[in-house]
Amino acid sequence: TEEALMQKLRGFVSDEEIHVLDEKYCSHGDTVHYSKNPKVFRGCGGNFMFDSEDIPYLDLQMWYASCNLGYKNKRISDAVVEQINTLPQIASRFLYDYKVLLSQKIAVACEKRFGEKGRVHFNVGGAQAVEDALKLVRNFTGKNLLFAFMGGYHGRTIGVSGVTSSFRYRENYGHFGDRAHFVPYPYCFRCHYGKKCESCDFYCVKQFEKNFENEYHSFYDPATKKAEYVAFIAEPVLGTGGYIIPPKGYFKELKRVLDNFGILLVVDEIQMGFYRTGKLWAIEHFGVAPDIITFGKSLTNGMNPLGGLWAKEELINPQIWPSGRTHSTYSSNPIGTRAGYEVMSIFEEKEEFFEREIKRKGEKFLDGLKQLKAKYKKIGNVDGLGLALRIECCEEDGFTPNKKLCDEILEEGLRGHLTYKNQRCGIVLNNGGYYKNVITLVPSVVISDEEIDMALILLDQLFARFE
């Protein structure tokens, strides 16, 4: 039985031995050791992780938004097993069914939503997909400079670090001569310009637009009508930056400026795609059509590292983007594309249901968070779009960032000493934000109403412990 198998695995190596071996043999260059005592998990299912004592942990980060349809989703797992038993390996120079079928699903979905024909190109993950998008932009325009958002996160490869705003990801790796020009994101709770959202009339966009008034502002030559910066890469909702929701109308104003000066819009949907916000793509909420979309994470529901991009036909047709322009050995691998096909099929078959239910559940969750904010002075801001939600931890003034509280809450949740219906349990949370003081809530999109209630009860317990 599965339980017997788990017991056997637990007997093979203890949690303590895992920590000892990790300390001796594993690089600390990944994110495991952000925590001084990394948690060991032994199992997962649905919306829960399980530790060595079989204590359940309600997971509200779902592998950084990689498992939107829950852990061990049977339909996706069965599809992967079927692929393993038929065609698990094939060189990416050959064709096979699920590569083209998944490409078709994504391309048709984008044409339906944006009215543009386009094509899909796969790679092995989100950062690699962004790398390919950067190549696509350079290939089409012959230029290499981009705009990106402060707070934006697109990956940590060398190329993509140049469009990820955090200097921390670049400071040990030399000079980045073609790094992006970073533009303030509309973070209305902490406005870069000190304005109020309800009265600013998109002041931040107007400041951005001023850069194109004359050649001496360095971005644009009115005589030739050419810009030095040729694309803007943007997360519609900031992910690692703190799950910040832009005000209505912002992206329409930004897109107006980009269109006026011939600047492409590259939308990064790696965290927010696949119905995280209640739409296939988060940018759909904001009424603009992108030129390129990058995606990854929940494309395979965490079953295989696969990412990719969709681009308009004029950018990616075979005459412009011929064979060999970019490649990876495991790109469009059969297990990943089979899982991705199943994920897209699940969403297609119940599209209206997912849109309606994610909106409803997100509103229910956010209402509960607003009640917690009213109860605890150290919650400065809560917000959400669909099931992408945030809690900003602050000092008692409700504004000064409180990273310490955020860290304490995350660690306390992983101790497994919370209770729900008289049962011992824990909660898995993640942090983000400019000051790392934001709890980013990323439940699966199939979370139940009872599990949302459980999440709110556990969050209440956590904040109460640090009053």
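- Taking 4.0 Å as the cut-off between side-chain N and carboxylate O, E351 and K112 count as a salt-bridged pair.
- Considering every non-hydrogen atom in both V267 and P236, the closest pair reads CG1-CG, 3.5 Å.
- By the neighbour-count criterion of 12 heavy atoms within 6.0 Å, atom NZ of K364 is densely surrounded, having more than that number from other residues, nucleotides or ligands.
- Rounding to the nearest 0.5 Å places NZ of K436 at 13.5 Å from SG of C393.
- Remark: E395 CD to K404 NZ distance equals 9.0 Å, nearest 0.5 Å.
- Taking the six-membered ring for Trp and the full ring otherwise, F208 and F147 have centroids separated by under 6.0 Å.
- For the pair H285 and F251, the minimum side-chain heavy-atom distance is 4.5 Å or more.
- The two residues G307 and A129 come nearest to each other via the heavy atoms C-CB, 4.4 Å.
- Ion pairing between a basic and an acidic side chain is recognised when a charged N comes within 4.0 Å of a carboxylate O; R190 and E392 show such pairing.
- For an aromatic pair to be called close, the ring centres must be under 6.0 Å apart, and F261 with Y229 fails this.
- Using modelled atom types, one side-chain atom of N214 and one backbone atom of H217 make a donor-acceptor pair closer than 3.5 Å.
- Side chains of R390 and N381: a donor-acceptor N/O pair is present below 3.5 angstrom, by distance only.
- By the 6.0 Å and 45° rule, K297 does not stack over the aromatic ring of Y64.
- A donor-acceptor contact under 3.5 angstrom links the side chains of Q271 and Y243, judged on distance only.
- Within the 3.5 Å criterion, the main-chain N or O of A282 finds a donor-acceptor partner in the side chain of E269.
- For the pair L69/F354, a side-chain contact is recorded, criterion being any heavy-atom separation below 4.5 Å from C-beta on.
- You'll find the side chain of L441 reaches within 4.5 Å of the side chain of L429, heavy atoms only.
- Ring geometry for Y193 versus Y203: interplanar angle over 60°, hence perpendicular rather than tilted (30 to 60°).
- A donor-acceptor contact shorter than 3.5 Å links the side chain of R170 to the backbone of T164.
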**Request:** Kindly indicate, with the supporting measurements, whether the criterion salt bridge (Lys or Arg N to Asp or Glu O under 4.0 Å) is fulfilled by E209 and R256.
**Result:** CA-CA 10 Å; E209 190 172 19; R256 175 186 60 77; 3.0 Å; yes
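- The main-chain N or O of K312 is never found under 3.5 Å from a side-chain atom of D291 such that the two would form a donor-acceptor pair.
- Side-chain contact between Y220 and E213: absent, with no pair of heavy atoms (C-beta onward) separated by less than 4.5 Å.
- Without hydrogens or angle criteria, K361 side chain to I447 main chain gives a donor-acceptor distance under 3.5 Å.
- Nearest heavy atom pair, residue V428 against residue M49, reads CG2-CG, 4.5 Å.
- In the displayed structure, Y330 atom OH is contacted under 6.0 Å by at most 12 heavy atoms of other residues, nucleotides or ligands.
- Around the CD atom of Q104, the shell of radius 6.0 Å holds no more than 12 heavy atoms that belong to other residues, nucleotides or ligands.
- To the nearest 0.5 angstrom, I452 atom CD1 is 11.0 Å from L366 atom CG.
- The shortest side-chain heavy-atom distance between H181 and L145 does not fall under the 4.5 Å cut-off.
- A distance of 10.5 Å separates OG in S66 from CD1 in I270, rounded to the nearest 0.5 Å.
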**Item:** Derivation of the salt bridge (Lys or Arg N to Asp or Glu O under 4.0 Å) call for R360 and E363
**Value:** CA-CA 5 Å; R360 182 188 68 79; E363 289 171 350; over 6 Å; no
**Request:** Could you please spell out the steps behind the side-chain contact (heavy atoms from CB on, under 4.5 Å) verdict for I244 and F149?
**Result:** CA-CA 12 Å; I244 303 169; F149 278 127; over 6 Å; no
**Item:** Audit row: R119, S103, side-chain contact (heavy atoms from CB on, under 4.5 Å) steps and yes/no
**Value:** CA-CA 7 Å; R119 296 172 188 254; S103 297; over 6 Å; no
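- Between the side chain of Q83 and the backbone N or O of L87, at least one donor-acceptor pair lies under 3.5 Å.
- Between V124 and S331, the shortest heavy-atom contact is CG1-N, 3.7 Å.
- For A339 against M303, the heavy-atom pair with the smallest separation is CB-CB, 4.3 Å.
- For the pair R338 and Y98, the distance from NZ or CZ to the six-membered ring centre is under 6.0 Å and the angle to the ring normal is within 45 degrees.
- Within a 6.0 Å radius of CD in Q89, other residues, nucleotides and ligands contribute 12 heavy atoms or fewer.
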**Asked** Could you go step by step and tell me if E116 and W310 meet the side-chain contact (heavy atoms from CB on, under 4.5 Å) rule?
**Response** CA-CA 11 Å; E116 292 279 356; W310 169 89; 4.1 Å; yes
**Asked** What's the verdict on salt bridge (Lys or Arg N to Asp or Glu O under 4.0 Å) for K135 and E131, showing C-alpha distance, side-chain angles and the deciding distance?
**Response** CA-CA 6 Å; K135 278 190 171 183; E131 288 275 359; over 6 Å; no
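- With rounding to the nearest 0.5 Å, the separation of CG in L306 from CD1 in I335 is 11.5 Å.
- N431 has its side chain out of reach of Y34: every pair of non-hydrogen atoms, C-beta onward, lies at least 4.5 Å apart.
- Contact of the Y434 side chain with the Y185 side chain is registered, since non-hydrogen atoms from C-beta on lie closer than 4.5 Å.
- Nearest heavy atoms, W63 versus G302: CZ3-O, 2.9 Å.
- Going from atom CG of N402 over to atom NZ of K378 covers 6.0 Å, rounded to the nearest 0.5 Å.
- The shortest side-chain heavy-atom distance between N68 and R276 falls under the 4.5 Å cut-off.
- The aromatic rings of F122 and F295 stand perpendicular to each other, their planes meeting at an angle above 60°, with 30° marking the opposite boundary.
- Other residues, nucleotides and ligands place more than 12 heavy atoms under 6.0 Å from the CD atom of E349.
- Side-chain N or O atoms of K143 include one that pairs as donor or acceptor with a backbone N or O of A227 at under 3.5 Å.
- Crowding of R93 atom CZ: a count of heavy atoms from other residues, nucleotides or ligands under 6.0 Å not exceeding 12.
- Note: Y187 and F189 have tilted aromatic rings, judged against thresholds of 30 and 60 degrees for the angle between ring planes.
- Between E355 and K359 no salt bridge is recorded (no basic side-chain N to carboxylate O distance below 4.0 Å).
- Judged by distance alone, the side chain of K373 and the main-chain N or O of V382 form no donor-acceptor pair under 3.5 Å.
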**Asked** Passes side-chain contact (heavy atoms from CB on, under 4.5 Å), R138 versus D178? Steps please.
**Response** CA-CA 12 Å; R138 291 186 181 207; D178 57 358; 2.4 Å; yes
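- The residues D201 and K206 are annotated as salt-bridged, a charged nitrogen and a carboxylate oxygen being separated by less than 4.0 angstrom.
- When the shell of 6.0 Å around OH of Y435 is examined, it contains 12 or fewer heavy atoms from other residues, nucleotides or ligands.
- Remark: the N123 side chain and the D132 side chain contain an N/O donor-acceptor pair separated by less than 3.5 Å.
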